[in-house]
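When a residue number appears, it is its place in the shown sequence, counting from 1.
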Amino acid sequence: MAVISAVHSVSSLHLQSHLQRLNNGEFFFSTRPRKVKGPLPCHHHHHPIYSSNAFGCSDRTSIIINSTSGSSTATSAAEGSLSEVQKIKQRFRTWQWKGQYSINYFVSSDSPQQLQANHPPLLLVHGFGASIPHWRRNIKILAQNYTVYAIDLLGFGASDKPPGFQYTMETWAQLILDFLNEVIQKPTVLIGNSVGSLACLIAASDSNQTLVRGIVLLNCAGGMNNKAIVDDWRIKLLLPLLWLIDFLLKQKGIASAIFERVKQRENLRNVLSSVYGNKESVDEELVEIIREPADAPGALDAFVSIVTGPPGPNPVVLMPNISLPVLLLWGDEDPFTPIDGPVGKFFSSLPSQQENVKLFLLEGVGHCPHDDRPDLVHEKLLPWLASL
């Protein structure tokens, strides 16, 4: 998801109004999308009132159930008093990636064994600043008919945040492929939001992979950060500012001060409210989902590396090579990947060019459709999954 987005400026440089709008998901500056004139080549949905190392598989894989995940003897009455986020956290597990990085993940299969055998498993991949609990409004519904996995990417959530690590889109894509190979071990549907979508797309485009059954992209990012979107006039205007921000963030003291300001509850709430169409979805639980991992050691390094790093592979280059079924769900009020921006226009043109691609435009929905208006997402997602 893209939500840690309010980088605060150094007061002497008077950058506050710009920096607070930086860094969310794919780090698009918050410019409200213009209403697109004329029909888009997609299905419109009118919503109701609301909704490092050399990469390769390690032979030292281990899967550990966290000791803090709660007692298996807890009564159903006690479980009934827990929130969905608490229930999700109780089922966290740990996977050792490459024998050195602890990766947090979740698995739930409440569906009957027969349905599981007939349906592919699902892997949920969050966006920038988010983590597994950001799927709090989706897992219970999806788990009725599917085995649902969710993962915290390296640098996020409860996964390791190694000091000085240089994060790239390719790293996350390889992590996804290794997780498929070592943990799930079955053809799987990848479902991602923002940069999580792009990581899924890069993984699926690997010519050697055999375990991706389909892809669901929720407001897919154009890159790990804004530097990928050089043909958007909004980014061109702000490019000098982006380079200045990169320079400032590489100064440890300045970066720390900015990050501390970014993760303040009120700043997070304001940013989340600006990227969600349904303001009722921006509750205290959501703010805590974003804020809690930001206090972990290594979170600042991850923040700086992602904002200042290379944008990674471009979806415009990747998509023509994808023959798998692809479902695109796009909130039309996304200020960071607007449907009238270069990325949005590209994806909206695909259904007329590739038979394997379906697109639904979700009206009144922001950058994180699955949490913003989950009912609208499930209405389109579940029939598409059943069709596989």
Side-chain angles (χ1 to χ4, degrees), residues 1-3 24-25 42-51 82-89 91 106 108-111 119 121-151 157 189-194 196-197 200 214-220 269 272-290 327-337 339 358-387:
M1 170 194 80
V3 232
N24 331 29
C42 65
H43 304 274
H44 286 67
H45 184 93
H46 295 271
H47 64 82
I49 298 233
Y50 94 95
S51 108
L82 299 176
S83 70
E84 285 303 312
V85 168
Q86 290 171 322
K87 291 176 184 177
I88 289 169
K89 288 184 174 182
R91 303 181 75 166
F106 164 94
S108 169
S109 68
D110 300 330
S111 59
H119 292 165
L122 313 177
L123 175 59
L124 311 180
V125 185
H126 62 82
F128 176 78
S131 56
I132 293 168
H134 198 219
W135 302 99
R136 58 188 173 148
R137 295 181 169 132
N138 317 107
I139 287 174
K140 184 176 180 180
I141 295 294
L142 296 173
Q144 292 175 7
N145 293 302
Y146 299 88
T147 300
V148 179
Y149 291 84
I151 194 169
V189 176
L190 305 180
I191 303 176
N193 174 224
S194 189
S197 286
C200 290
I215 324 170
V216 181
L217 307 178
L218 302 165
N219 288 63
C220 185
R269 174 175 282 281
L272 288 162
S273 294
S274 75
V275 302
Y276 272 57
N278 177 20
K279 309 307 178 187
E280 293 180 3
S281 291
V282 182
D283 53 18
E284 285 305 314
E285 186 176 65
L286 176 60
V287 173
E288 188 61 21
I289 287 170
I290 306 304
L327 175 65
L328 303 171
L329 298 177
W330 212 279
D332 75 336
E333 291 189 1
D334 182 355
F336 303 119
T337 50
I339 194 64
K358 286 190 176 181
L359 168 66
F360 293 96
L361 188 65
L362 306 179
E363 293 191 14
V365 180
H367 188 63
C368 310
H370 59 291
D371 192 57
D372 190 335
R373 301 188 189 270
D375 290 350
L376 302 189
V377 169
H378 297 155
E379 182 178 317
K380 301 305 180 186
L381 174 59
L382 293 175
W384 182 85
L385 289 172
S387 72

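Glu84 meets the side-chain hydrogen bond (donor to acceptor under 3.5 Å, both in side chains) test with no other residue; sequence neighbours excluded. Remark: Arg136 engages Asp283, Glu285, Asp371 in a salt bridge (Lys or Arg N to Asp or Glu O under 4.0 Å) (not counting sequence neighbours). Under the side chain to side chain contact (heavy atoms under 4.5 Å, CB included) criterion, Ser131 pairs with Pro133, Asp152, Ile289, Pro293, not counting sequence neighbours.
Listed here is the closest heavy atom pair of Leu329 and Pro369: O-CG, 4.4 Å. Looking at every heavy atom in both residues, Pro335 comes nearest to Ser274 through CG-O, 3.6 Å. Closest of all the heavy-atom pairs between Leu376 and Glu363 is CD1-O, 4.4 Å. Listed here is the closest heavy atom pair of Ser273 and Val282: OG-CG1, 3.8 Å.
Within the 4.5 Å cutoff, side-chain heavy atoms of Arg137 are placed close to those of Ser281. Val125 has its side chain out of reach of Leu190: every pair of non-hydrogen atoms, C-beta onward, lies at least 4.5 Å apart. Within the 4.5 Å cutoff, side-chain heavy atoms of Val377 are placed close to those of Leu362.
Panel note: side chain His134, backbone Ala130; no donor-acceptor pair is recorded below 3.5 Å. In this structure a side-chain-to-backbone donor-acceptor pair under 3.5 Å is present from Asp372 to Asn278. When atom types are taken as modelled, the side chain of His367 and the backbone of Val275 share no donor-acceptor pair closer than 3.5 angstrom.
Between the side chains of Asn219 and Asp334, at least one donor-acceptor pair of N or O atoms lies under 3.5 Å.
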Checklist line | Chi angles and distances behind the side chain to side chain donor-acceptor pair (under 3.5 Å) call for His126, Asn193 | finding: CA-CA 6 Å; His126 62 82; Asn193 174 224; over 6 Å; no
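You'll find the ring centres of Trp135 and His370 inside the 6.0 Å limit.
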